[in-house]
Amino acid sequence: MRLPDANPLVLQRATTAFQTLQALFIPIIMGVTGASMIQSNEAHSSSKFMFALCWLTIPALIYVAMTPRFTRTKPLSNPYAICGFNCLICFFWFVAPIALGVYNTKAQRQGFDKIHSDFDNKAPGAVAEADLPSSPSCNTTTGTPKECSLNNADVGLGVFNFLFWFATTLIAIYVALYYRVHLITPWEVHSAQIGSEQVTEHTKQAFGEDDPQGGDYALINDEERSHNSNTPYSTHSMSQGVSQYDDDYERQMARDGEANRSRSVGSGSYDAGRVGFPDGDYAYTGAGR
């Protein structure tokens with residue numbers, strides 16, 4: 001399975017940005033939901049669900065956002081678990097605004113129908129014909145207009161928060177699939193690349209590759225070469241010594257050869273460096289003779 005190439009740094013920055021927005025929206029939504037719940041004697045179940053979802057999102061956000069960032073918590077940040085948490089919370093934030101929006105719209109419709117029904121039946125307290133609403137709105141809701149307005153704001157904030165979670169869910173799905181193929185996450189690949197670049201940069205600085213003058217840590221510069229060439233154990237001096245030794249050895253061998261050729265003992269001679277014995281009868285004559 002081939003995955004599309006994605007820049008790990010861009011994914012990481014996008015994830016951080018969306019998670020920051022999620023963290024900012026949760027307390028805002030919680031406050032707006034709580035304010036709408038106290039407007040009536042008994043809050044609707046959709047408002048209660050939205051309020052409970054805010055509390056449920058906090059530990060989930062801490063897990064998916066913080067565990068991959070620290071060395072000690074990285075073993076807990078399984079890509080499949082993070083993907084599962086993102087999908088679950090994203091689904092909840094998809095359902096919660098819809099449920100609250102449906103309740104709010106239904107309350108407005110019910111209030112609108114009741115106003116027209118009271119006017120048609122000439123019920124006590126019915127509004128005048130000039131004050132009849134033309135369409136359902138927060139002024140026609142069965143609850144208070146303020147509760148209706150807060151619910152509308154809550155729905156809008158919930159939709160935005162769902163979009164943020166949807167974006168992080170897509171990234172989490174990509175990371176999980178990447179981990180399935182490569183057995184490593186894009187974040188770890190990016191961290192390894194940064195570490196390799198830092199080691200390379202430090203090595204260049206240490207050995208002076210970026211300094212045209214050789215740097216403080218250059219292995220050999222021109223002054224050291226000239227200095228070392230004059231020392232008795234330098235490579236240059238040793239090579240000169242070996243060459244001089246070879247020349248002296250050859251001259252000595254030549255002198256020895258001349259001396260050997262000119263030397264003779266009895267009738268023998270030293271030819272070409274070989275010893276010659278004097279002429280004579282060297283046969284064995286027995287022990288008694």
**Report entry** Heavy-atom closest contact (C138 atom, S149 atom, distance)
**Finding:** SG-N, 3.7 Å

**Report entry** Value rounded to 0.5 Å, distance of OG1 in T140 from NZ in K114
**Finding:** 12.0 Å

Query - F91 with V155, same ILVMFWY side-chain cluster at under 4.5 Å - result: yes

Report task. Measure the spacing between CZ of R69 and CD of Q12 and express it to the nearest 0.5 Å. Result -> 6.5 Å

Query raised in the report: Any idea which heavy atoms bring Q108 and S137 closest together, and the distance?
Result: CG-O, 3.3 Å

Requested in this report: Take S77 and K74 through the test side-chain contact (heavy atoms from CB on, under 4.5 Å) and record every step on the way to the result.
Outcome: CA-CA 5 Å; S77 61; K74 277 185 178 181; 4.2 Å; yes

Query - In one Ile/Leu/Val/Met/Phe/Trp/Tyr side-chain cluster, 4.5 Å: V175, W165 - result: no

Report summary line: Interatomic distance, CG@L132 vs CG@D118, rounded to 0.5 Å, equals 10.5 Å

Query - Residue pair P75 / R72: nearest heavy atoms and the distance that separates them - result: CD-O, 3.6 Å

Query raised in the report: In Å, rounded to the nearest 0.5 Å, how long is the span from OG of S46 to CE of M37?
Result: 9.5 Å

Query raised in the report: Which pair of non-hydrogen atoms, one from F112 and one from P133, has the smallest distance, and what is that distance?
Result: CE1-O, 3.1 Å

**Report entry** Spatial distance of atom CZ (F92) from atom CD1 (I89) [nearest 0.5 Å]
**Finding:** 6.5 Å

**Report entry** Flag side-chain contact, heavy atom, 4.5 Å: T73 against F70
**Finding:** yes

**Report entry** Non-neighbouring partners of Y174 that pass ring pair (Phe, Tyr, Trp, His ring centres under 6.0 Å), sequence neighbours left out
**Finding:** none

Query raised in the report: Can L163 be reached from I173 by stepping across I, L, V, M, F, W or Y side chains whose heavy atoms are under 4.5 Å apart?
Result: no

Query raised in the report: Should V102 and V95 be regarded as members of a common hydrophobic cluster, given that ILVMFWY residues are connected when their side-chain heavy atoms come within less than 4.5 Å of each other, either directly or indirectly?
Result: yes

Requested in this report: Begin from the C-alpha positions of L150 and Q39 and carry the test side-chain contact (heavy atoms from CB on, under 4.5 Å) through to its verdict.
Outcome: CA-CA 10 Å; L150 290 172; Q39 298 300 318; 4.2 Å; yes

Requested in this report: May I have the step-by-step check of side-chain contact (heavy atoms from CB on, under 4.5 Å) for S40 and T144, ending in yes or no?
Outcome: CA-CA 7 Å; S40 58; T144 63; over 6 Å; no

Query raised in the report: Which residue pairs pass the side-chain hydrogen bond (donor to acceptor under 3.5 Å, both in side chains) test when at least one of the two sits in residues 151-161, sequence neighbours left out?
Result: T33-D154, S36-N151, N104-N151, N104-N152

Query raised in the report: Quick one: OG on S47 to OH on Y103, what's the gap to the nearest 0.5 Å?
Result: 6.0 Å

Query raised in the report: Do H182 side-chain atoms and I184 backbone N/O form a donor-acceptor pair below 3.5 Å?
Result: no

Query raised in the report: According to a 4.5 Å side-chain heavy-atom criterion applied to Ile, Leu, Val, Met, Phe, Trp and Tyr, with indirect links allowed, do I82 and L177 form part of one hydrophobic cluster?
Result: no

Would you give me the side-chain donor-acceptor pairs under 3.5 Å for residues 51-64, sequence neighbours excluded?
{"residue": "T57", "atom": "OG1", "partner": "L53", "partner atom": "O", "Å": "2.6"}
{"residue": "T57", "atom": "OG1", "partner": "W93", "partner atom": "NE1", "Å": "3.1"}
{"residue": "Y63", "atom": "OH", "partner": "L76", "partner atom": "O", "Å": "2.6"}

**Report entry** Heavy-atom closest pair, residues P186 and P8
**Finding:** O-CB, 3.5 Å

Query - Minimal non-hydrogen separation, G111 against T142, with atom names - result: N-CG2, 3.7 Å

**Report entry** Where at least one partner belongs to residues 87-108, residue pairs that pass salt bridge (charged side-chain N to carboxylate O under 4.0 Å, His left out), sequence neighbours excluded
**Finding:** none

Show every donor-acceptor pair shorter than 3.5 Å between a side-chain atom in residues 20-31 and any protein atom, with sequence neighbours excluded, or say none if there are none.
{"residue": "T20", "atom": "OG1", "partner": "T16", "partner atom": "O", "Å": "2.7"}
{"residue": "Q22", "atom": "NE2", "partner": "F164", "partner atom": "O", "Å": "3.2"}
{"residue": "Q22", "atom": "NE2", "partner": "T168", "partner atom": "OG1", "Å": "3.3"}

Query raised in the report: Would a line drawn from the ring center of F94 to the ring center of F166 be shorter than 6.0 Å?
Result: no

**Report entry** R109: salt bridge (Lys or Arg N to Asp or Glu O under 4.0 Å) partners, not counting sequence neighbours
**Finding:** D113

